[in-house]
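Take a look at the structure below.
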Amino acid sequence: MSAPITITLPDGSQRNYDPGVTAGDVAASIGRRLAADAVAATIDGEWADLSRPIAADAQVAIITRATPEGREVIRHSTSHLLAQAVFDLFPGAQYAIGPAIADGFYYDFDLPGDGRFTDDDLVRIEARMRELAAQDQRFERFELGLEQGRALFAVADQPYKLEIIDRVSGADRAGAGGAAGAGGADDAVDDAAEGVGGGTVGVYRNVRADGSVAYTDLCRGPHVPSTKALKAFKLTRVAGAYWRGDEKRKQLQRIYGTAWEDQKALDEHLHRLAEAERRDHRRLGVELDLFSFPEEIGSGLAVFHPKGGVIRRVMEEYSRTRHEAAGYEFVYSPHITKSNLFETSGHLHWYADGMFPPMELDGGTDYYLKPMNCPFHILIFRSRMRSYRELPVRFFEFGSVYRYEKSGVVHGLTRVRGMTQDDAHIFCTKEQMGDELRSLLDFVLSLLRDYGLTDFYLELSTKPKEKAVGTDEEWAEATEALRSAASEIDLELVLDEGGGAFYGPKISVQARDAIGRTWQMSTIQVDFQLPQRFEIEYVGSDNDRHRPIMIHRALFGSVERFFGVLVEHYAGAFPTWLAPVQCVVLPVADRHDDYAALVVERLRSQRFRAELVDGSRGALGHRIRNAKLEKVPYILVVGDSDVEAETVGVNLRGGDRPERDVALAAFVDRMHDQVAERRLEPA
RNA sequence: GCCGGGGUAGCUCAGUCGGUAGAGCAGCUCACUCGUAAUGAGCAGGUCAGGGGUUCGAGUCCCCUCUCCGGCUCCA
């Protein structure tokens, strides 16, 4: 017998075992609870099954169910269970990839005869998965050489698995991305996840209690020891998905599901989904009478109703005030233009598909609805000679743009065909760029915070692989300027490789909302290209002509989208300064109507948005209920004692008990504070 | 654009085997005049998304279009 090996645990403690001990054994030796909760392990930092023998001294950490890593293992394992159930119910099905994703997993299939899954199929498949899970199938890993792996999946008639193996083995010979075509680095990551790499392929199979093999898959793992560990899952939806995410390749049938460590966690997840649905801006937009999308107008084209109009107007007014203070000048430009403008800018070349088709006028001249404001602002800059003394020049406009979004992507206010950007273009010298970007980032974050968003991170998007103009040097310089400015902000910065616009890199500000979802908000782009294309210049202190650089930036992104995000962030309960109705005044009985009207008048004279709702709208309790459902921040009830003492009863949104006998003058002061401080909840 | 699922009163939804359309809420009228989350009664409201087809007869079956929802791809 060889000498014992030493296993070091995450807490630094060490234990000795015989060589060949498994992580599962280690967990069992530590405790029953840990062994029961264990789903996988890391051995010297590498993910592994609990059953993998450990030959030498190692650092071992047990991965338990209720951790992010544990859930990932459970989800990935559940995707295998899904595929097995699909093979049972749809003989001849071919499988592609089936990874764990945020909150769940999916698996892509190609069904015989181009078959499709229906919602009813999901029910059958899920039922079958439960039967299979109960069979206590062991997950077993083994490795094969590339040829053996190829043979295994060739016999099984699984072309997608073969393609994964072949492409990677080809790439191993030819170098990364060699034979892979457009895919490149991202695909290589996927392939590694599928268990291919280093001259071997990882294969998992599910083995029943009697030793027969129920299922085999190409996979990196690790997996739970047994299907019995999979007990809280649910199939959620079926969707089409292109093989390798490529629109030009075959569309496969994807099944999405979610899986958790136990039923309670699953229930909580489903509850979070229900909560998100409750906050959905499309639903609240109808309930609160904010906006609508009349079919008569066309897909993706919104109208704002009076209440939504108030919110939008206040949003815009505050934005204008802040921009004015930050040195922006306001400009205006038309909605349509002759085609040459967007030929010069390059938009027509890259994005003609995304633009509304042209109107032919004046005997052959094409006019387009504008998809962007930048060329107009450039023309304003170019309208006369500019001196270096003027720079930076900052032109701001709430500019309405129109984009012909593909029919399947239009989504509420967040993806529309007609929208208004809070768009500005800054023209400055290269030397000014760094300072300008730094102050811009501060400005952006400060403004977003004023609208109630507080949790941010930054994303740096670099030069696209194909859709890009300009030299690598220009891109590198612009990207570095953005990176440098971002690094001075105390926020996480993540890299979005190849995600820039065709004319330049960008930083986007991502915001997390009240329930933790992230939204892309502001974008800041550095652009060396359009100044060249439009040949804009300024005269420098040396009396020579120089080319300015441009910074494109939108803080809301689009007003519509930002509006939608705020609706969801606040679940429709807007802070007082934004609320369409800030205050309703409810007379207890008819004899209090005159006083109630006086209260309303007093509030309105202070520019507050107050409404009178008298007894013809129902009993007091009914009127209160309606005001609560409309999420009005302040409900004022006035009765005999209030008429007498010039007071009001104050019922706060979110408050537990109404206040009585509040002096009207004191209440007006409170409202002023609320609005001035942009407080989130009334007080 | 592609895959799957929907579209019935302003909203949420029922509608059986193909036999000619229903509820709750909202709205309107009347009564009720009320102190903090739904007073009662009555009335009105629909070319069943639009068009075509099958049928003696279509909300229901078939085809096309529009549109919405969930994904995929895309997002200057």
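Because the structure is a prediction, the values reported are computed rather than measured.
Between the side chain of Gln251(A) and the base of rC2(B), a donor-acceptor pair under 3.5 Å is found. Scanning atom types as modelled, one donor and one acceptor separated by under 3.5 angstrom connect the side chain of Arg415(A) and the base of rC74(B). Not a single donor-acceptor pair, N or O on each side, falls under 3.5 Å between the base of rG1(B) and the side chain of Tyr404(A). For Asp642(A) against rG35(B), a side-chain-to-base donor-acceptor contact under 3.5 Å is present. One donor-acceptor pair, N or O on each side, does fall under 3.5 Å between the base of rU73(B) and the side chain of Lys406(A).
Closest approach to the Asp590(A) side chain among rU33(B), rG1(B), rG71(B) is made by rU33(B) (side chain taken as heavy atoms from C-beta onward). Taking only side-chain atoms of His411(A), from C-beta outward, the nucleotide of rG1(B), rU36(B), rG70(B) with the closest atom is rG70(B). Considering only the side chain of Arg660(A), rU36(B) comes nearest among rC69(B), rC34(B), rU36(B).
Under 4.0 angstrom from either OP1 or OP2 of rC72(B) there lies no side-chain N or O belonging to Tyr106(A). The side chain of Arg254(A) places no N or O atom within less than 4.0 Å of a non-bridging phosphate oxygen (OP1 or OP2) of rG71(B). Dashed line: the shortest gap from a side-chain N or O of Ser407(A) to OP1 or OP2 of rU67(B) is not under 4.0 Å. Here Arg282(A) reaches the OP1 or OP2 of rC69(B): one of its side-chain N or O atoms lies under 4.0 Å away.
Atoms CZ (Arg617(A)) and P (rU36(B)) sit 22 Å apart, rounded to a whole Å.
If you take atom C1' in rA14(B) and the same atom in rC75(B), they sit 40 Å apart, rounded to whole Å.
Note that Arg417(A) lies outside the cation-pi zone of Tyr402(A), set by a 6.0 Å cut-off to the ring centre and a 45° limit from the axis.
Applying a 4.0 Å cut-off to non-hydrogen atoms, none of the residues of residues 548-558 of chain A approaches RNA chain B.
The residue Ile624(A) sits close to a base: some heavy atom pair falls under 4.0 Å.
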